[in-house]
Each structure stands twice: as C-alpha cells, then as structure tokens.
Amino acid sequence: MILSEESVKQIKEKMERYPYRKSAILPALTVAYRQVGYLNDDIYREISKIIRIPVVEIAEAATFYTMFPKQPRGKYLIQVCHNISCSLLGADSLISYLETKLGITKGETTTDNMFTLISVECLGSCSTAPMMQINNDYYENLTPEKVDKILEELRAKA
Ligand code: FES
C-alpha cells in the first residue's frame, strides 16, 4: 500500500462531495500526488479500489494532465516558462544558466534529489518575464543573480 491512511481518508471524504464517483478522480489523484510526489500504475490501482472506478479511467485522467509527474522528482520542481514573453526576455538563457548551475539538463534531477528542472508553457505571469515556478511559488523578473540567490536560499532550507 503506497497511499497513507490519511490520504485514503481524504480521498473518501472527497468522494462524498460528488454525486458521481467519477468526479472524484482528479481530487483523488491530487491527494495521491501531494503525498507521494508523483503517480504510477500502483497508485492508479489503489485509487481505483478506493473510489470503485476502473483503473484504466484513473490512468487516462492522470496521463492527460502533465502537471501530475509520473516519476519521482527532486524536492524542488523548477518550471521555467519558455513561452513567447519569457522567450523574448531570455528564457533560453535562463534555462541554460540553470542547467549549468545545477549540472543537469532539462527533464533531469540533481544527484542529491534536490532540484528537477523542466520548461513549461505560459504560467500566466507574462508581464514579469522571464519567470519560473518552484513548487508553488513564482519567481519573476529573473536575472542570473536572482537565480543564484533563490537556489542558495532553497539549499539553505534543506
Ligand atoms: S510567457 Fe512566460 S509567463 Fe506567460
């Protein structure tokens, strides 16, 4: 069993909010993701048993949404926006800088499992480009100096 008792309880509580069990799929995936940090087939099977929806429907929903990672990630997920505004204001340089600084390339995780770096579509903060999201926080108007400070602060917290 991967899901904790607390997660199972939360999923059951969310299930009760909806007239159709199927509506609980995304909330259940969110609970699982928040506990485990990623989703996989074993987790789909567990959710399937809890909400009594075929496992294929759980997997379909999970694989449709790219915000649900399908493999372990670092403690901090760095998502750099590579869309038009950020691109025009240096997103590519920012990504290259982060790759060099972290010693990884996009899609990889540092060997200490601290940082995973990916690039993503617009995060809705175009007026503060270039920007990135790390876990739930936005970091905007980025420069190499700001990036250095952010990474230092995150490492200090660990
Ligand atoms: S283009 Fe980067 S936040 Fe919109």
Side-chain angles (χ1 to χ4, degrees), residues 2-4 6-7 10-11 13-14 17-18 22-44 47 51 53 56-158:
I2 296 169
L3 296 177
S4 66
E6 178 57 30
S7 291
Q10 284 180 27
I11 290 170
E13 283 170 3
K14 290 183 185 299
R17 293 184 194 168
Y18 302 102
K22 203 171 183 171
S23 304
I25 292 176
L26 286 180
L29 288 169
T30 303
V31 168
Y33 163 63
R34 287 194 176 137
Q35 180 209 316
V36 182
Y38 63 96
L39 301 173
N40 63 19
D41 291 347
D42 292 333
I43 294 170
Y44 305 153
I47 291 173
I51 63 175
I53 296 283
V56 68
E57 291 186 41
I58 309 293
E60 278 172 359
T63 53
F64 180 80
Y65 292 99
T66 55
M67 70 280 282
F68 291 129
K70 311 304 182 296
Q71 56 193 4
R73 287 182 168 169
K75 180 174 181 179
Y76 297 107
L77 174 62
I78 303 175
Q79 300 179 79
V80 182
C81 172
H82 62 202
N83 218 295
I84 190 72
S85 299
C86 290
S87 223
L88 289 171
L89 290 167
D92 285 346
S93 306
L94 175 62
I95 292 166
S96 297
Y97 186 76
L98 279 159
E99 287 178 330
T100 303
K101 191 86 189 165
L102 298 170
I104 56 175
T105 56
K106 269 194 312 187
E108 291 182 339
T109 299
T110 53
T111 51
D112 60 1
N113 291 319
M114 187 76 79
F115 300 103
T116 298
L117 176 66
I118 61 172
S119 67
V120 295
E121 299 301 334
C122 180
L123 290 168
S125 189
C126 315
S127 61
T128 59
M131 59 83 62
M132 64 184 176
Q133 180 177 351
I134 302 181
N135 294 352
N136 295 321
D137 300 317
Y138 274 16
Y139 297 88
E140 300 160 309
N141 299 306
L142 292 170
T143 61
E145 295 73 28
K146 279 188 178 178
V147 168
D148 288 349
K149 191 164 181 270
I150 292 162
L151 295 180
E152 261 174 47
E153 286 172 2
L154 292 175
R155 282 202 171 99
K157 275 192 206 170

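Being a predicted model, the structure only gives us computed values, none of them experimental. Whatever order the structure lists them in is the order used to number ligands and atoms, beginning at 1.
Each of the following atoms of ligand 1 lies closer than 4.0 Å to a heavy atom of Leu123: 3 (S). Against a heavy-atom cut-off of under 4.0 Å, Cys122 is close to the following atoms of ligand 1: 1 (S), 3 (S), 4 (Fe). If you number the atoms of ligand 1 from 1 as listed, the ones under 4.0 Å from a heavy atom of Ser125 come out as 3 (S). The atoms of ligand 1 that sit less than 4.0 Å from any heavy atom of Asn83 are 1 (S).
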(request) List the steps and the verdict of side-chain contact (heavy atoms from CB on, under 4.5 Å) for Lys146 and Tyr139. (result) CA-CA 9 Å; Lys146 279 188 178 178; Tyr139 297 88; over 6 Å; no
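A donor-acceptor contact shorter than 3.5 Å links the side chain of Asn135 to the backbone of Lys75. The closest donor-acceptor contact from the side chain of Glu99 to the backbone of Leu117 lies at 3.5 Å or more, if one exists at all.
A salt bridge links Lys149 with Glu153: at least one charged nitrogen is closer than 4.0 Å to a carboxylate oxygen.
Residue nearest to atom 4 (Fe) of ligand 1, selected from Cys126, Gly124, Ser87, Ser85: Cys126 (by heavy-atom distance).
Coordination check, Cys81 versus atom 4 (Fe) of ligand 1: failed, since every N/O/S atom of the residue sits at 2.8 Å or beyond.
Residue Ile25 holds its CD1 atom at 11.5 Å from OG1 of Thr30, rounded to the nearest 0.5 Å.
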